[in-house]
Amino acid sequence: VAWKEIHDQHPFGILEVSRVGLAEFGHSPILSDYLRNTFSVFAGGWTFQAAQVVCECENLQMISVLVKKSLIVVDQKSRHETRYHFHNMVRKYASEKLREAGEEEAIRDRHLEYFLEVFRKFDLTLRGVDQFLWLERLFVERDNIRAALQWAAKTNVMAGLYLSGRLRTFWENYGLPEDKRWLLMI
C-alpha cells in the first residue's frame with residue numbers, strides 16, 4: 001500500500017494511518033500473519049463470534065492488540081454485539097497479504113460457510129417473534145452477505161442460490177432491490 005494512496009484518500013488527516021503503523025501491522029511479533037490478514041475477509045466488519053469461526057481466532061487479546069495500535073476500530077453502536085472493522089486502507093493491505101500468502105480461498109470459503117449457517121438459523125426464526133431482530137442483524141451484516149454472495153457466485157453456485165433465495169424478504173424489507181440481481185449473477 002503506497003503512502004500516496006493513503007494520503008490521497010485522507011488528505012486532511014481524518015484518518016491517521018502512518019507508514020510506521022502499516023509496517024508494524026505487517027511485522028507484528030504478537031500476531032501471526034495468517035490471523036492478522038484473515039480479518040480482511042470481512043467486508044462490513046465482524047463480531048468476535050464471527051472471528052472465532054471464520055478466522056479461528058480464540059483470543060480477544062489478539063484483536064485488542066490491533067485496536068490499541070488503531071488498526072482496528074471498535075464499533076459499539078450495534079444493539080447486538082460489539083463489532084470491529086479495519087480502516088479501509090489497512091483492510092486493503094491485509095487483503096493483499098492474504099492473497100499473496102495463498103490463503104484467501106480457504107478463508108473466503110469459511111466466511112461463506114459462516115453466513116450459510118447464519119441463514120440456517122434465520123430460517124428457523126423467519127416467522128417468529130425474533131424476525132425483526134434477525135432482519136436488523138442481517139442489515140448490519142449486509143456488506144458481508146454481499147461478499148459471501150460474490151464468492152459463492154465464483155465458487156459454489158448451490159450456496160449462492162440458497163443465500164440469494166433466503167434474502168428476498170430481507171432485501172424487500174430494507175428497500176434494497178438486489179434479490180433478482182443476485183439470482184441472475186449466480
Side-chain angles (χ1 to χ4, degrees), residues 1-78 80-116 118 137-155 160 163 176 178 182:
V1 174
W3 177 249
K4 181 179 180 344
E5 186 178 345
I6 293 171
H7 184 269
D8 288 348
Q9 287 197 358
H10 307 285
F12 302 109
I14 295 167
L15 171 63
E16 294 184 21
V17 178
S18 68
R19 284 180 276 193
V20 173
L22 283 177
E24 195 169 310
F25 179 78
H27 302 292
S28 172
I30 299 167
L31 300 169
S32 71
D33 290 341
Y34 174 77
L35 177 64
R36 181 184 55 246
N37 295 335
T38 58
F39 295 131
S40 69
V41 75
F42 293 103
W46 65 90
T47 63
F48 182 62
Q49 177 189 10
Q52 286 178 303
V53 174
V54 176
C55 304
E56 299 175 337
C57 174
E58 294 297 328
N59 188 342
L60 191 56
Q61 180 182 3
M62 294 178 183
I63 293 174
S64 297
V65 169
L66 294 175
V67 169
K68 287 179 185 174
K69 305 279 184 199
S70 298
L71 297 170
I72 288 180
V73 177
V74 178
D75 178 9
Q76 295 179 322
K77 294 176 194 169
S78 171
H80 305 287
E81 300 174 82
T82 300
R83 294 186 61 80
Y84 305 91
H85 69 271
F86 275 136
H87 291 292
N88 192 42
M89 292 306 305
V90 175
R91 182 173 177 264
K92 286 180 181 179
Y93 176 85
S95 184
E96 287 173 18
K97 293 298 181 186
L98 185 67
R99 203 170 303 115
E100 288 172 10
E103 300 288 346
E104 181 180 30
E105 187 173 322
I107 299 301
R108 290 208 178 277
D109 285 346
R110 284 206 304 268
H111 182 263
L112 173 59
E113 185 56 42
Y114 176 78
F115 283 96
L116 284 169
V118 166
R137 180 177 177 197
L138 295 179
F139 184 75
V140 171
E141 294 288 4
R142 69 192 177 280
D143 291 332
N144 280 313
I145 292 167
R146 290 173 179 134
L149 282 165
Q150 286 174 343
W151 186 249
K154 293 178 184 176
T155 64
L163 283 177
L176 302 169
E178 298 185 38
W182 285 112

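The model shown is predicted, which means the values in this text are computed figures rather than measured ones.
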Kindly give the heavy-atom pair with the smallest separation between [X] and [Y], and that separation in Å.
X: Ser40; Y: Leu98; value: OG-CD2, 3.8 Å
X: Phe115; Y: Leu163; value: O-CD2, 3.9 Å
X: Gly45; Y: Asn144; value: O-ND2, 2.8 Å

Test salt bridge (charged side-chain N to carboxylate O under 4.0 Å, His left out) applied to Glu100 and Lys97, step by step = CA-CA 5 Å; Glu100 288 172 10; Lys97 293 298 181 186; 3.5 Å; yes
request  = Test ring pair (Phe, Tyr, Trp, His ring centres under 6.0 Å) on Phe42 and His111 and set out the steps.
outcome  = CA-CA 8 Å; Phe42 293 103; His111 182 263; 5.4 Å; yes
query = Do the rings of Phe39 and Trp46 sit parallel, tilted or perpendicular, given the 30° and 60° boundaries?
reply = parallel
With a 4.5 Å limit on heavy-atom distance, are the side chains of [X] and [Y] in contact?
X: Arg110; Y: Ile107; answer: yes
X: Thr82; Y: Phe48; answer: no
X: Glu113; Y: Leu116; answer: yes
X: Gln49; Y: Tyr114; answer: yes
X: Leu138; Y: Ile145; answer: yes
X: Val74; Y: Ile63; answer: no

ask   = Are any of the side-chain nitrogens in Glu96 or Arg99 under 4.0 Å away from the carboxylate oxygens of its partner?
value =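 Answer for the salt bridge query: no.
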ask   = Is the closest basic N to carboxylate O distance between Glu141 and Arg83 below 4.0 Å?
value = yes
task = Nearest 0.5 Å please: distance from the CG atom of Asp109 over to the CD atom of Glu104.
result = 10.0 Å
key: Rounded distance [0.5 Å steps], NE2 in His85 versus CZ in Arg91   =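 One gets 11.0 Å once the value is rounded to the nearest 0.5 Å.
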query = Given the rule in the side chain to side chain contact (heavy atoms under 4.5 Å, CB included) test, do Thr155 and Arg108 qualify, once you have shown the distances and angles that lead to the verdict?
reply = CA-CA 10 Å; Thr155 64; Arg108 290 208 178 277; over 6 Å; no
